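Structure first, commentary second.
In the text below, chain A, chain B and the rest are named by the order of the sequence lines, each starting its count at 1. The shown structure was predicted, so the numbers you read here are calculated from the model rather than taken from an experiment. Worth knowing before you read on, the calculation uses all heavy atoms, side chains too, and leaves out hydrogens, waters and symmetry mates.
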Protein chains: 2
Amino acid sequence: MPASSIRARVRAEMLDEIKAVARQHLATDGANLSLRAVARDMGMVSSAIYRYFPSRDDLLTALIIEAYDALGDAVEAAAVAATDRLDLRARWQAVCRAARDWALAHPAEYALLYGSPVPGYAAPDDTVGPAQRPPLTLVGLLREGLEDGLLSPPPANELPPQLHADLTELADAFFPGLPPALLARGMAGWTQLFGLISFELFGRLNRTVAHRDAYFDHQVGLLADLIGLPPPR
Amino acid sequence: MPASSIRARVRAEMLDEIKAVARQHLATDGANLSLRAVARDMGMVSSAIYRYFPSRDDLLTALIIEAYDALGDAVEAAAVAATDRLDLRARWQAVCRAARDWALAHPAEYALLYGSPVPGYAAPDDTVGPAQRPPLTLVGLLREGLEDGLLSPPPANELPPQLHADLTELADAFFPGLPPALLARGMAGWTQLFGLISFELFGRLNRTVAHRDAYFDHQVGLLADLIGLPPPR
DNA sequence: ACGAAACAAGAGCGGTGCTCTCGAAGTGCT
DNA sequence: AGCACTTCGAGAGCACCGCTCTTGTTTCGT
């Protein structure tokens, strides 16, 4: 097998092991990942890591992409797994819950994705695709609802002209024909979802809201009302 | 004046100067503040800083408290400066715009307040008071609107019992008698505001929305509709 | 079988937060 | 005014960090 020689296979395993150890360090020690500590845990010398990742930022980028994809998988699976495709509100709730569940299960990785950007770090282009999966899933649900006649498009004159143009262009790039005002509502939902998860994960609900599941579901339901999703059955 | 001797006054000036230099470093170099760098900028040796702040985290805490208070001042001023107290929607928009304006003018400090929490860092109790000022301002607007008869309380049976209890207790701590369902809507507005600012500041609107002012105003208006604020005049 | 490429290890550079010691300078009391 | 006491700035040093360079070994493709 020339396509995967011993060396290539060992290298792939090393890449995976480094990322696994780094992910574990991320979960325990927080965001400031130490290359030397990862190397120590693997019984290597720190300089050896640089055979696999040219810099600490590249390791972080790899972890970020994998985290985006893990979140994207969870979210998209929730959008599809619905028993009743026509129960749009239940599907919306399921997608939001899936994102929150993933974040609660992987808080350090969520902070890596959606926390304050690392100062010197600039997200490479590889990350924008995976990063778009959750919001595209949400807006995709709205498009399906529109196709199935489950929700009515907002009035077209709702947006000021420049914003109308911005959102029309954005909609055409992913969901041609989607009314821009509905896209705005989808983005509002995505913004709200991010805010809810971040507040809960970063401790802003401590000592204020004890029953987080109920709080989350209620707030998601409020925004579902705003978007115009059909009322719960 | 024994109460403020030369030494005490010089010390106070040093505290201020250290914080000023640190704030400047924060703005240019990002969140990873270097004690040695601020000491260098002040012509001091790094160990001398420890006469004024026992650790780097304590310096960060001081900066965080000052930033919370600056944001709180801006937000509360916007809530009071309205020409027409009864135009609740305009006041809500003004408060939201004030928060965004402050964040855009001080992005590094906003990231310090609302970005991912620093791993080892735990927010001391001194920060919770200043941190509550923006959300309390928003909810305070809703209470005023209720008192002035500008908005009607949501149905009382909207919340599940446990969440109703949580939010009633929370409301009684700051706004006795405020309907918990209205408090939930205020928190939704605060969550949305945080999400909108964070997305814009952390680059998630890059290459998607060009006219940020219009986008922000529209989204804030959407949530004002959800809360039940009177329509724009 | 051999040259080329990939690899792990080690030393080293400049940087970090933080501690400790030491001499200088200001403070309060008699 | 003199003296004990406290505060201060400087310096050396510790352990850690990301990263580079060199050296000797192992594996690869031909």
Side-chain angles (χ1 to χ4, degrees), chain A residues 1-19 21-22 24-26 28-64 108 112 117-122 124, chain B residues 1-19 21-22 24-26 28-64 108 112 117-122 124:
Chain A
M1 294 304 172
S4 78
S5 59
I6 293 182
R7 193 157 235 168
R9 208 183 56 227
V10 167
R11 180 177 180 85
E13 288 173 3
M14 285 292 287
L15 286 170
D16 282 345
E17 189 178 347
I18 291 175
K19 284 188 282 189
V21 173
Q24 197 168 347
H25 268 259
L26 217 58
T28 60
D29 297 354
N32 40 9
L33 184 64
S34 161
L35 270 188
R36 292 182 113 111
V38 173
R40 258 195 308 271
D41 271 20
M42 299 185 57
M44 292 175 63
V45 131
S46 71
S47 59
I49 299 280
Y50 288 82
R51 294 279 168 191
Y52 301 93
F53 293 95
S55 81
R56 177 175 166 277
D57 278 1
D58 290 88
L59 211 195
L60 279 177
T61 300
L63 294 178
I64 286 175
L112 197 63
V118 184
Y121 180 80
Chain B
M1 294 305 167
S4 78
S5 59
I6 294 182
R7 194 157 233 168
R9 209 184 54 228
V10 168
R11 181 178 179 83
E13 288 173 4
M14 284 292 287
L15 286 170
D16 282 344
E17 189 179 347
I18 291 175
K19 283 188 283 189
V21 173
Q24 195 167 348
H25 268 259
L26 216 57
T28 59
D29 297 354
N32 40 10
L33 182 65
S34 162
L35 269 188
R36 293 182 112 111
V38 314
R40 260 195 307 273
D41 271 20
M42 300 186 55
M44 293 174 64
V45 132
S46 71
S47 60
I49 300 281
Y50 288 84
R51 295 280 173 194
Y52 301 93
F53 292 95
S55 81
R56 179 175 165 276
D57 278 0
D58 290 270
L59 212 197
L60 280 177
T61 299
L63 294 178
I64 286 175
L112 197 62
V118 183
Y121 179 81

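- The side chain to side chain contact (heavy atoms under 4.5 Å, CB included) test with B/Asp41 singles out one residue from B/Arg36, B/His25, B/Glu17, and that residue is B/His25.
- Computed from coordinates, the B/Asn32 CG to D/dC17 C1' distance equals 12 Å when rounded to whole Å.
- Taking atom CG of residue A/Leu59 and atom P of nucleotide D/dC17, one finds them 14 Å apart after rounding to whole Å.
- Atoms CE (A/Met44) and C1' (C/dA6) sit 12 Å apart, rounded to a whole Å.
- Using a 4.0 Å cut-off, no side-chain N or O of A/Arg51 falls inside it from OP1 or OP2 of C/dA8.
- In this structure, the CE atom of B/Met42 is 9 Å from the P atom of D/dG9, given to the nearest Å.
- Straight-line distance from the NE2 atom of A/His25 to the P atom of D/dC16: 13 Å, rounded to whole Å.
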Inset, instruction - Could you please spell out the steps behind the side-chain contact (heavy atoms from CB on, under 4.5 Å) verdict for A/Ile18 and A/Leu15? - result: CA-CA 5 Å; A/Ile18 291 175; A/Leu15 286 170; 5.5 Å; no

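- Between A/Tyr52 atom OH and C/dA6 atom P the separation is 12 Å, expressed in whole Å.
- With values rounded to the nearest 0.5 angstrom, B/Arg7 atom CZ is found 10.0 Å from B/Arg11 atom CZ.
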Legend entry - Per-nucleotide protein contact string for nucleotides 13-18 of chain C (B base, S sugar-phosphate only, - none; heavy atom under 4.0 Å): ---BBB

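- Side-chain N or O atoms of A/Arg56 include one that pairs as donor or acceptor with a backbone N or O of A/Leu33 at under 3.5 Å.
- Within the model, atoms CG of B/Leu26 and CG of B/Leu59 stand 9.5 Å from one another, a figure rounded to the nearest 0.5 Å.
- Considering CG of A/Asp58 and CG of A/Leu63, their distance stands at 11.0 Å, rounded to 0.5 Å.
- Rounded to whole Å, the distance from CZ on A/Phe53 to P on D/dT20 is 16 Å.
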